[in-house]
Amino acid sequence: MATILKEPSRTFNEYLLIPGYSNAEARPENVSLRTPVVKFKKGEEPALSMNIPLTSAVMQAVSDDGMAVALAKEGGISFIFGSQSIESQAAMVRRAKNHKAGFIPSDSNLRPDQTLQDVLDLKKLKGHSTIAITEDGTAEGKLCGIVTSKDYRISRMSMDTPISEFMTPFDKMFYGREGITLSEANDIIWDNKINQLPIVDDNQRLTAFVFRKDYDSHKEHPDELLDEDKRFIVGAGINTRDYEERIPALLDAGVDIMTIDSSEGYSEWQARTIKWVRDNYGDTVKIGAGNVVDAEGFNFLAECGADFIKIGIGGGSICITREQKGIGRGQASAVIEVAQARDEYYKKTGVYIPICSDGGIVYDYHMTLALAMGADFIMLGRYFARFDESPSEKLMVNGTFVKEYWGEGSARARNWQRYDLGGDAKLKFEEGVDSYVPYAGSLHDGVQMSLNKVKSTMCNCGVTTIADLHKNAKLTLVSATSIVEGGAHDVMLRGTTPVR
């Protein structure tokens with residue numbers, strides 16, 4: 001007969017953390033939220049870690065290149081949605097990777113013989129006020145000068161004025177030689193009160209720019225997640241159908257990490273996908289897999305070679321998989337069992353495989369609960385969809401600002417690949433809804449508020465790292481009555497009826 005689990009399927013709402021001893025060092029400013037993203041051997045450091053334990057979901061309404069930049073600035077990773085053409089997704093990855101770097105290739109270039117009108121047209125097209133003037137008008141040509149908004153006055157100049165007459169010529173510019181460090185370049189910028197510094201080689205050919213605004217941005221976002229070339233870390237979702245074409249395109253665009261986007265990861269299709277990656281790229285390409293909800297699913301994907309494993313089926317706010325198919329598991333129960341399997345696998349093999357809790361987060365404190373139960377990081381959809389930086393539309397509905405939010409299993413997204421069972425290439429029925437979420441302003445403000453709560457709770461538990469939270473957290477189940485007690489009760493809130 002069927003295997004029937006004795007324990008009920010539990011959600012985060014059914015648990016609370018018990019405070020632990022907090023010494024004088026257990027203060028929010030001492031808390032580190034750094035966490036591993038990919039597997040590593042005992043005694044070694046992971047090839048990729050995050051500075052905060054948050055990733056954005058592989059969804060059309062959540063993760064595009066704008067979200068990738070915004071979340072990387074905070075220290076997390078966005079997985080750009082894969083339910084689009086390979087070319088479109090690769091372009092998003094490329095834009096995010098090129099958005100900011102210590103040394104930025106010039107993408108606004110003209111020749112000295114071109115005119116002020118060309119400058120204005122290029123500025124309108126690119127949105128950049130700094131234009132490199134090279135002999136041949138290319139990004140790698142011999143640098144002749146530079147044009148910024150300080151070099152011309154539209155009201156007093158003819159549109160056909162040659163650039164050579166008003167540009168700042170090379171012999172009057174500050175510049176850096178190829179090989180200069182980013183720190184040295186920033187020193188030149190600050191010492192000379194300039195906004196940009198072109199970098200040239202020994203033949204005076206332009207190689208890159210360093211901008212003051214990037215230095216300022218870094219100071220405002222001390223946790224930003226960068227690669228060795230000072231570019232943002234960017235993730236992307238893939239499916240188990242076109243991975244042989246999609247993965248090479250994403251790698252060429254500069255993607256740092258990928259994850260298989262699937263509603264159910266305990267499958268031959270994921271095994272085939274991971275095997276293809278390992279056969280063609282070895283361990284150099286980092287790829288997560290999932291989703292699973294028990295130890296069997298975890299061990300299967302671990303043996304397949306996944307770099308991290310996602311947990312969760314049916315717990316997302318727009319997901320109706322459980323309602324449609326009667327399959328899934330409460331997110332708390334799933335995370336607890338998979339975390340135990342992860343720890344047992346580590347003891348047995350010496351390989352630590354990070355796990356990601358995907359879905360089921362309703363309140364900020366659920367993030368801390370997920371981490372306390374063993375998750376290394378969290379994937380969020382609804383949470384990030386609310387912010388300015390998500391790609392969905394901001395609308396006014398019934399006098400309230402909202403943002404559109406739809407599931408990948410909805411008719412709107414039509415992401416049949418996420419629910420692929422190897423049959424016909426079409427979506428047979430919906431497993432997600434089309435909805436609105438309350439608008440929540442800027443991502444930076446929202447994330448910092450949420451993480452301040454996480455840090456504060458960790459201090460109440462007497463820990464200052466996620467690893468210590470895994471080891472020392474103490475959790476208790478709560479009754480229905482105590483859930484009511486946890487909110488405002490037996491008082492009259494201003495402007496409302498009594499709360500019982």
Side-chain angles (χ1 to χ4, degrees), residues 12 26-38 45-58 62-63 66-80 96 99-100 217-227 230-235 256-257 259 286 288 308 310-311 335 354-361 363-390 440-459 461 463-470 473:
F12 293 133
R27 302 193 306 272
E29 61 266 28
N30 292 335
V31 171
S32 169
L33 294 178
R34 190 166 175 80
T35 191
V37 180
V38 297
E45 289 294 316
L48 179 60
S49 295
M50 288 188 293
N51 293 324
I52 63 172
L54 304 182
T55 61
S56 67
V58 189
V62 179
S63 297
M67 178 60 68
V69 169
L71 188 49
K73 284 182 179 180
E74 303 304 320
I77 297 175
S78 180
F79 287 88
I80 293 175
H99 178 85
K100 185 253 183 190
S217 176
H218 177 69
K219 292 303 179 184
E220 292 171 6
H221 300 90
D223 289 326
E224 63 183 357
L225 197 59
L226 306 175
D227 64 18
K230 305 297 183 182
R231 300 179 302 172
F232 288 127
I233 297 292
V234 179
D256 298 282
I257 185 168
T259 187
K286 305 304 179 184
F308 71 85
K310 289 198 290 137
I311 308 162
V335 171
I355 56 176
C356 169
S357 177
D358 177 14
I361 301 294
Y363 305 108
D364 286 347
Y365 82 89
H366 289 172
M367 297 181 187
T368 319
L369 287 175
L371 296 171
M373 290 172 182
D376 295 282
F377 57 97
I378 303 158
M379 181 169 279
L380 301 145
R382 179 195 62 86
Y383 177 85
F384 285 117
R386 304 171 303 143
F387 297 129
D388 288 318
E389 293 81 359
S390 75
S442 78
L443 181 143
H444 174 74
D445 292 342
V447 166
Q448 290 306 309
M449 176 64 76
S450 298
L451 294 182
N452 283 338
K453 295 178 186 179
V454 172
K455 291 178 179 180
S456 180
T457 306
M458 288 173 63
C459 291
C461 295
V463 300
T464 55
T465 67
I466 292 174
D468 284 343
L469 184 65
H470 288 170

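Residue numbers run from 1 in the order of the sequence given.
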If you look at every heavy atom in K455 and P28, which pair is closest and at what distance?
-> CD-O, 3.7 Å
Do side-chain atoms of D376 reach the backbone of I355 as a donor and acceptor pair under 3.5 angstrom?
-> yes
Return the minimal non-hydrogen interatomic distance between V62 and G381, and the atom names on each side.
-> CG2-O, 3.6 Å
Is the backbone N or O of L371 less than 3.5 Å from a side-chain atom of H470, with the two atoms forming a donor-acceptor pair by type?
-> yes
Hey, are the side chains of V37 and P354 touching, using non-hydrogen atoms and a 4.5 Å cut-off?
-> no
Closest non-hydrogen atoms of V335 and G374, given as atom of the first, atom of the second and distance, are CG1-N, 4.5 Å
Minimal heavy-atom distance between A70 and E389, with the atoms involved, is CB-CG, 3.5 Å
Look up atom CG in L443 and atom CG in D388, then write down how far apart they are to the nearest 0.5 Å.
-> 9.0 Å
So do the side chains of Y383 and I378 get within less than 4.5 Å of each other, counting heavy atoms only?
-> no
Could you check K453 against M367 for side-chain contact (heavy atoms from CB on, under 4.5 Å), going step by step and ending with a plain yes or no?
-> CA-CA 9 Å; K453 295 178 186 179; M367 297 181 187; over 6 Å; no
Quick one: does F12's side chain get under 4.5 Å of S357's, heavy atoms only?
-> yes
Between N30 and T464, what is the shortest heavy-atom contact and its length?
-> O-CB, 3.8 Å
Heavy-atom count around E45 CD within 6.0 Å, excluding the residue itself: above 12?
-> no
With rounding to the nearest 0.5 Å, note down the distance linking CD1 in I52 to CD1 in I77.
-> 10.0 Å
Would you find a donor on one side and an acceptor on the other, under 3.5 Å apart, between the side chain of N51 and the backbone of D223?
-> yes
For residues L33 and M458, determine if any side-chain heavy atom of one lies less than 4.5 Å from a side-chain heavy atom of the other.
-> yes
Please report the shortest heavy-atom distance between P46 and P36, naming the atom on each side.
-> CG-CB, 3.9 Å
Roughly how far apart are T35 OG1 and I466 CD1, rounded to 0.5 Å?
-> 4.5 Å
Got a second to check how far F79's CZ is from M67's CE, nearest 0.5 Å?
-> 14.0 Å
Could you label the plane-to-plane angle of the Y363 and H366 rings as parallel, tilted or perpendicular, counting under 30° as parallel and over 60° as perpendicular?
-> perpendicular
OG on S78 to CG on L225, rounded to 0.5 Å | 12.0 Å
So how far is it from K286 NZ to D256 CG, rounded to the nearest 0.5 Å?
-> 11.5 Å
Would you call V447 and F384 a side-chain contact if the rule is heavy atoms closer than 4.5 Å?
-> yes
Applying side-chain contact (heavy atoms from CB on, under 4.5 Å), run through E74 and Q448 and close with a yes or a no.
-> CA-CA 8 Å; E74 303 304 320; Q448 290 306 309; 2.9 Å; yes
Could you give me the CA-CA distance, side-chain angles and deciding distance for F232 and K73, then say whether side-chain contact (heavy atoms from CB on, under 4.5 Å) is met?
-> CA-CA 8 Å; F232 288 127; K73 284 182 179 180; 3.6 Å; yes
Min side-chain heavy-atom separation T55-T259 under 4.5 Å | no
